[in-house]
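All heavy atoms count here, side chains included; hydrogens, waters and symmetry mates do not.
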Amino acid sequence: MGKIIYVRHGQASLFSDDYDQLSDLGIRQSQTVGDFLLSENITIHAIYCGPLKRHLQTAEAILSKIEVTEKHPTLVEGLREHEGFGILKSLLPHLIEHDEQIRELINRPFGNKKEQIKHHLRVYENFASRWIRGEFDDMIDSRFTSWPQFVNNAKESFQMINHQSEEGKNVLVVTSGGPKAVACGSVLDLSFTNIMDLSWVIYNASVSIFSKNHKNIILSSFNNISFIQDKSWRTLV
């Protein structure tokens, strides 16, 4: 039975000038994925990767630890993360002025960096849960990809990878939490809301494995970070 192994990228650089860049911890997290694959005697025969820098850097860190049949990842545009954060950033001045929920969350004080991250996530989660319900559709610039289109793109990418995977072979897929949640949600038949909810709990460098044969594909493990033994390395952002 072959495996499709979805890995979320390592920790990126939140609050820096370039978020789309692995932090030092993100590189170490990603290397532990390679150690895990080695310890489980999982041979990788093909690699698919999202187009973002943090995806490619994660793949490189994993590949530094393992031998693979094909060293060059196939880039897949549909493994790109959704544009929720970019949409929020573009709408934030308007929302602070006109949206009571966002304004109240923004105005809550925070102290250290840990509190700043929680503050950031509270605002983003509130916005994202409403965005996927279409609450802001009349405000969003048409250049952004909608949530339904994002889900469709990520689902088509998962189906493509499944279709191209050879019988009995193992495929590594490096992406973000959103496309990974969509892949899991497509197997579990989850709603749009449940897919977004699932994406919030996916750890950096976590491993989810789909087992497949010629008839079926099942989610056999989800969000595994047991191989990251130092709990301070277990991060969600």
Side-chain angles (χ1 to χ4, degrees), residues 8-26 29 50 52-55 79-154 175-185 190-206 208 222-223 225 231-237:
R8 185 190 174 196
H9 62 79
Q11 184 190 64
S13 300
L14 190 65
F15 305 130
S16 73
D17 292 337
D18 184 8
Y19 171 75
D20 190 22
Q21 177 83 24
L22 289 192
S23 66
D24 290 341
L25 175 58
Q29 290 170 331
L52 303 177
K53 283 192 295 186
R54 59 188 184 271
H55 300 154
L79 294 175
R80 180 186 292 273
E81 182 61 292
H82 61 72
E83 296 184 285
F85 182 73
I87 295 170
L88 172 59
K89 187 176 179 180
S90 72
L91 295 181
L92 196 55
H94 175 85
L95 294 176
I96 290 172
E97 184 176 355
H98 298 286
D99 189 282
E100 184 176 346
Q101 292 182 44
I102 295 294
R103 183 168 58 250
E104 189 275 329
L105 289 169
I106 284 286
N107 288 334
R108 288 185 188 179
F110 61 85
N112 56 36
K113 186 173 182 179
K114 186 175 181 180
E115 291 178 359
Q116 184 184 17
I117 291 172
K118 289 182 178 179
H119 176 269
H120 168 84
L121 289 177
R122 279 195 296 265
V123 175
Y124 188 40
E125 288 180 16
N126 176 281
F127 169 80
S129 65
R130 298 161 65 194
W131 167 52
I132 67 170
R133 295 197 301 266
E135 196 167 321
F136 305 112
D137 283 356
D138 60 344
M139 307 179 196
I140 296 173
D141 192 304
S142 60
R143 64 190 169 91
F144 289 111
T145 302
S146 68
W147 174 255
Q149 187 59 55
F150 161 76
V151 171
N152 185 63
N153 293 343
T175 183
S176 292
K180 186 174 178 180
V182 171
C184 295
L190 299 182
S191 68
F192 279 1
T193 299
N194 287 336
I195 288 172
M196 177 59 85
D197 290 343
L198 194 65
S199 73
W200 295 125
V201 302
I202 295 177
Y203 283 95
N204 293 117
S206 62
S208 296
F222 172 70
N223 209 24
I225 53 166
K231 291 186 178 180
S232 68
W233 286 24
R234 298 178 178 181
T235 60
L236 290 165
V237 293

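No donor-acceptor pair under 3.5 Å is formed between the side chain of Thr175 and the backbone N or O of Gly50. Here the side chain of Arg133 pairs a donor or acceptor atom with the backbone of Ser129 at under 3.5 angstrom. Using a distance-only test at 3.5 Å, with no hydrogens or angles considered, a donor-acceptor pair links the side chain of Arg103 to the main chain of Ile96. Listed for the Ser199 side chain is no donor-acceptor partner under 3.5 Å among the backbone atoms of Gly177. Looking at Ser208, its side chain does come within 3.5 Å of a backbone N or O of Asn223 through a donor-acceptor pair. Between the side chain of Glu115 and the backbone N or O of Gly111 there is at least one donor-acceptor pair closer than 3.5 Å.
The shortest distance between side-chain heavy atoms of Ile195 and Trp147 falls below 4.5 Å.
Here the closest heavy-atom approach between residue Val182 and residue Val151 is recorded as CG1-O, 3.6 Å. In this structure, Glu81 and Leu52 approach most closely via the heavy-atom pair N-CD1, 4.1 Å. Scanning both residues, Thr145 and Ile87, for their nearest heavy atoms gives O-CD1, 4.2 Å. Of all heavy-atom pairs between Ala12 and Ser23, the closest is O-CB, 4.0 Å. Residues Ser176 and Arg8 approach most closely at C-CG, 4.0 Å, considering heavy atoms. Taking every heavy atom of both residues into account, Asn153 and Gln149 meet most closely at OD1-NE2, 2.7 Å.
In this structure, the ring pair (Phe, Tyr, Trp, His ring centres under 6.0 Å) partners of Phe110, at least two apart in sequence or on a different chain, are His119.
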Going through the checks in order, is the side chain to side chain contact (heavy atoms under 4.5 Å, CB included) test met by Asp99 and Arg130? CA-CA 12 Å; Asp99 189 282; Arg130 298 161 65 194; 2.5 Å; yes
Step by step, would you call Ile132 with Phe150 a side chain to side chain contact (heavy atoms under 4.5 Å, CB included)? CA-CA 10 Å; Ile132 67 170; Phe150 161 76; over 6 Å; no
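Ion pair Arg54/Asp18 not flagged as a salt bridge, since none of the NZ, NE, NH1 or NH2 atoms sits closer than 4.0 Å to an Asp/Glu carboxylate oxygen.
Considering CZ of Arg234 and CD of Gln29, their distance stands at 11.0 Å, rounded to 0.5 Å. To the nearest 0.5 Å, atoms CD1 (Ile225) and CG (Leu236) are separated by 8.0 Å. Going from atom CD of Glu104 over to atom CD1 of Ile102 covers 10.0 Å, rounded to the nearest 0.5 Å. To the nearest 0.5 Å, atom CG of residue Leu95 and atom CG of residue Leu92 are 6.5 Å apart. Rounding to the nearest 0.5 angstrom, the gap separating the SG atom in Cys184 from the CD1 atom in Ile202 is 6.0 Å. The line from OG1 of Thr235 to CD of Gln11 is 4.5 Å long, rounded to the nearest 0.5 Å.
The aromatic rings of His120 and Phe85 lie tilted to each other, with the angle between the two planes from 30° to 60°. Between Trp131 and His82, the ring planes lie tilted relative to each other; the angle falls in the 30° to 60° range.
For Trp200 and Tyr124, the ring centers are positioned less than 6.0 Å apart. Phe136 has its ring centre less than 6.0 Å from the ring centre of Phe127.
The environment of CG in Asp24 is sparse: at most 12 heavy-atom neighbours from other residues, nucleotides or ligands sit within 6.0 Å.
Sorted pairs that involve residues 84-98 and meet side chain to side chain donor-acceptor pair (under 3.5 Å), not counting sequence neighbours, are lacking altogether.
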